[in-house]
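One structure is given below, encoded as structure tokens.
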Amino acid sequence: MRVRSETQPRPLDTSTDRVAIERIEMRTVRLRLKEPFETSFGSIDSRLIFLVSVEAGGTTGWGEVVASEQPRYSYETVGTAKHVIRDYLAPAMLSRPVTDLADLSQRFASFRGHNMAKAGLELAYVDLLARASNQSLSQMVGGTLSRIPVGVSLGIQPDIDRLLDRVKSYLEDGYQRIKLKIKPGWDTDIVREVRRRHPGILLSVDANSAYFIEEQDHLKLLDDFKLLMIEQPLNNDDLIDHAKLQSIMKTPICLDESITGPARARQALEIGSCRIINIKIGRVGGYSQALQIHDLCFSKGVPVWCGGMLESGIGRAHNIALASLPGFCLPGDISASSRYFARDVISPEVTVDDDGTVEVPHGPGLGFDVDLDYITANTQTVERFEGTTRKT
Ligand code: OSB
Ligand code: MG
């Protein structure tokens with residue numbers, strides 16, 4: 001598989017003046033999901049959205065920490081991210097003016113792990129810079145696409161009929177790729193049925209680490225269904241067993257959970273753990289890391305696509321910007337706001353066209369208005385941190 005564009009992405013241009021961040025705010029907002037979302041590690045019916053904003057010189061930048069309430073997808077939670085931002089990352093960001101994204105990410109690198117917490121602040125910082133320099137996020141990160149292809153990630157359903165209904169209706173909406181969540185007992189039979197009804201569609205599966213290498217003979221059965229990929233079949237921090245599995249499977253393995261940063265991406269490609277990488281800005285620790293993984297994969301012709309974490313519109317706007325980079329040649333998990341929530345925190349909401357694409361907005365920063373009234377009405381907690389190095 002080849003990546004689509006010949007254009008080399010530009011490095012993030014943050015050569016504006018040093019920015020003295022005056023205030024950081026973190027807040028949690030409860031949004032109900034329109035329908036429960038079930039994966040191999042559990043089911044949720046609402047999302048505790050974790051928003052962060054940073055302020056300087058009268059401009060506010062917005063980011064989202066994609067951690068869940070429980071440590072199931074990863075060890076991070078809303079609670080650990082609050083702690084790490086409050087006690088370590090916010091003080092590091094406020095301690096002196098920030099020169100550029102590399103400066104910020106270097107300060108954060110002295111604290112181990114907690115990528116989602118770090119990413120939330122990086123996102124807010126990049127949105128702040130974009131607004132201050134009157135550029136869109138996509139321009140800031142060197143995006144080249146004006147529309148991005150998108151797919152939908154379908155949770156485990158109560159029964160096969162319900163699954164087939166959902167697949168049909170998302171295909172009617174135009175989504176370019178259907179991803180089915182699988183787990184032992186909800187895998188080959190349902191994939192076979194979906195494939196039989198839709199022989200030509202881009203179809204993938206995501207196991208969220210539900211299998212062991214000892215189950216390789218069973219996993220190999222999935223080779224019969226012309227899947228675009230199988231996402232993260234094995235343990236969340238494994239590379240070795242995935243390499244063994246990839247060597248005996250025809251279906252490309254795509255790693256999600258295992259790719260926690262650029263070094264892991266390099267190692268995975270070196271030993272053949274996967275042929276495709278899902279990039280989530282939160283999982284890898286922010287734009288600084290996501291761009292490096294993108295550039296590495298782009299230079300090697302390895303396809304990447306943008307994963308999702310059931311974000312609100314704020315995280316989704318950042319995902320759209322990232323997915324506008326030239327290496328993102330497969331449809332992302334960037335569905336319409338209405339696929340998740342009755343009402344989103346941005347306006348206009350993210351919509352998907354009949355051709356299964358989302359427009360990359362042109363306006364400054366996120367390119368969407370942040371609906372502060374709606375956010376305030378649904379806010380559960382707020383904490384603010386003030387800088388000491390005010391501009392005079
Ligand atoms: O593994 O990609 C995943 C949601 C929460 C946690 C992990 C994953 C997902 C999704 C949903 O698949 C993607 C989305 O539509 O946001
Ligand atoms: Mg996944």
Side-chain angles (χ1 to χ4, degrees), residues 31 33-50 64-78 115-116 119 148-157 166-167 170 173 175-183 186 203-211 227-238 242 252-260 268 274 276-284 304-320 322-323 330-341 344 349-350 352 356 358:
L31 294 186
L33 290 171
K34 274 182 158 176
E35 55 179 16
F37 189 75
E38 184 175 338
T39 61
S40 61
F41 53 77
S43 177
I44 55 168
D45 54 20
S46 74
R47 190 78 173 94
L48 190 61
I49 298 293
F50 187 155
E64 181 165 343
V65 174
V66 299
S68 312
E69 288 171 82
Q70 299 185 353
R72 296 191 188 272
Y73 168 79
S74 89
Y75 66 82
E76 286 191 85
T77 66
V78 169
N115 283 348
M116 295 178 182
I148 54 166
V150 299
V152 67
S153 169
L154 245 167
I156 292 163
Q157 303 293 312
R166 306 305 287 140
V167 170
Y170 286 124
D173 290 345
Y175 285 102
Q176 293 193 20
R177 183 269 286 138
I178 301 286
K179 160 170 143 184
L180 307 174
K181 292 290 190 180
I182 58 166
K183 65 176 182 183
W186 181 265
L203 182 64
S204 68
V205 295
D206 185 359
N208 288 110
S209 303
Y211 298 89
L227 297 176
L228 183 61
M229 68 188 91
I230 171 170
E231 190 177 335
Q232 196 71 36
L234 309 177
N235 200 18
N236 70 292
D237 64 358
D238 170 78
H242 279 104
I253 291 178
C254 168
L255 289 179
D256 174 353
E257 285 89 330
S258 290
I259 306 298
T260 49
C274 63
I276 299 176
I277 288 179
N278 161 334
I279 303 184
K280 290 181 182 168
I281 316 179
R283 191 194 68 231
V284 303
V304 302
W305 55 281
C306 183
M309 290 292 291
L310 311 174
E311 290 94 341
S312 80
I314 290 176
R316 196 167 304 281
H318 284 282
N319 288 345
I320 292 170
L322 183 75
L330 294 170
D333 277 346
I334 306 175
S335 308
S337 300
S338 63
R339 180 257 183 278
Y340 309 92
F341 312 111
D344 205 340
E349 303 199 331
V350 175
V352 174
V358 166

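Numbering of ligands and ligand atoms starts at 1, following listing order. Atoms considered below: every heavy atom in the structure, side chains included; atoms not considered: hydrogens, waters and symmetry mates.
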Quick check: does any side chain N or O of [X] sit under 3.5 Å from a backbone N or O of [Y], one acting as donor and the other as acceptor?
X      : Y      : answer
Gln232 : Leu234 : yes
Asn115 : Arg283 : yes
Asn319 : Ala323 : no

Rounded to the nearest 0.5 Å, what's the gap from OG on Ser46 to CG on Leu310? Could you check? 11.0 Å
Spacing of Ser153 atom OG and Phe37 atom CZ [to the nearest 0.5 Å]: 3.5 Å
Is there side-chain contact between Arg47 and Tyr340, with at least one heavy-atom pair below 4.5 Å? no
Flag the pair Asp173 / Arg339 as yes when at least one side-chain heavy-atom distance between them is below 4.5 Å, and no otherwise. no
For atom 4 (C) of ligand 1, the protein heavy atom that lies nearest, with its residue and separation: Phe37 CE2, 3.7 Å
Can you report which non-hydrogen protein atom sits closest to atom 14 (C) of ligand 1, along with the distance? Tyr340 OH, 3.4 Å
I need the atoms of ligand 1 closer than 4.0 Å to a non-hydrogen atom of [X], numbered in the order shown.
X      : answer
Glu231 : 2 (O)
Lys181 : 1 (O), 2 (O), 3 (C), 8 (C), 9 (C), 10 (C), 12 (O)
Gly308 : 2 (O), 4 (C), 8 (C), 9 (C), 10 (C), 11 (C), 13 (C), 14 (C), 16 (O)

Which atom names give the shortest non-hydrogen contact between Phe50 and Val78, and what distance separates them? CE1-O, 3.7 Å
What one should report as the nearest heavy-atom pair of Ile156 and Thr39 is CD1-C, 3.7 Å
Looking only at distances, please establish whether an N/O atom of ligand 1 is found under 3.5 Å from an N/O atom of Ser153. yes
Report yes if some N/O of Leu310 lies less than 3.5 Å from some N/O of ligand 1; otherwise report no. yes
For ligand 1, note which part of [X] has a heavy atom under 4.0 Å away: side chain, backbone, both or neither.
X      : value
Lys179 : side chain
Asp256 : side chain
Asn208 : side chain
Asp206 : side chain

Note on the Mg ion (ligand 2): protein N/O/S atoms within less than 2.8 Å are Asp206 OD2, Glu231 OE2, Asp256 OD2
Answer yes or no: is there an ion pair linking Glu311 with Lys280, defined by an N-O contact shorter than 4.0 Å? no
Lys/Arg N to Asp/Glu carboxylate O, Arg316 vs Asp333, below 4.0 Å: no
Any heavy atom of Gln232 closer to ligand 1 than 4.0 angstrom? no
For the residue pair Tyr175 and Tyr170, categorise the inter-ring angle as parallel (less than 30°), tilted (30 to 60°) or perpendicular (more than 60°). perpendicular
Would you tell me which option among Glu311, Met309, Lys280 has the nearest heavy-atom contact to atom 2 (O) of ligand 1? Lys280
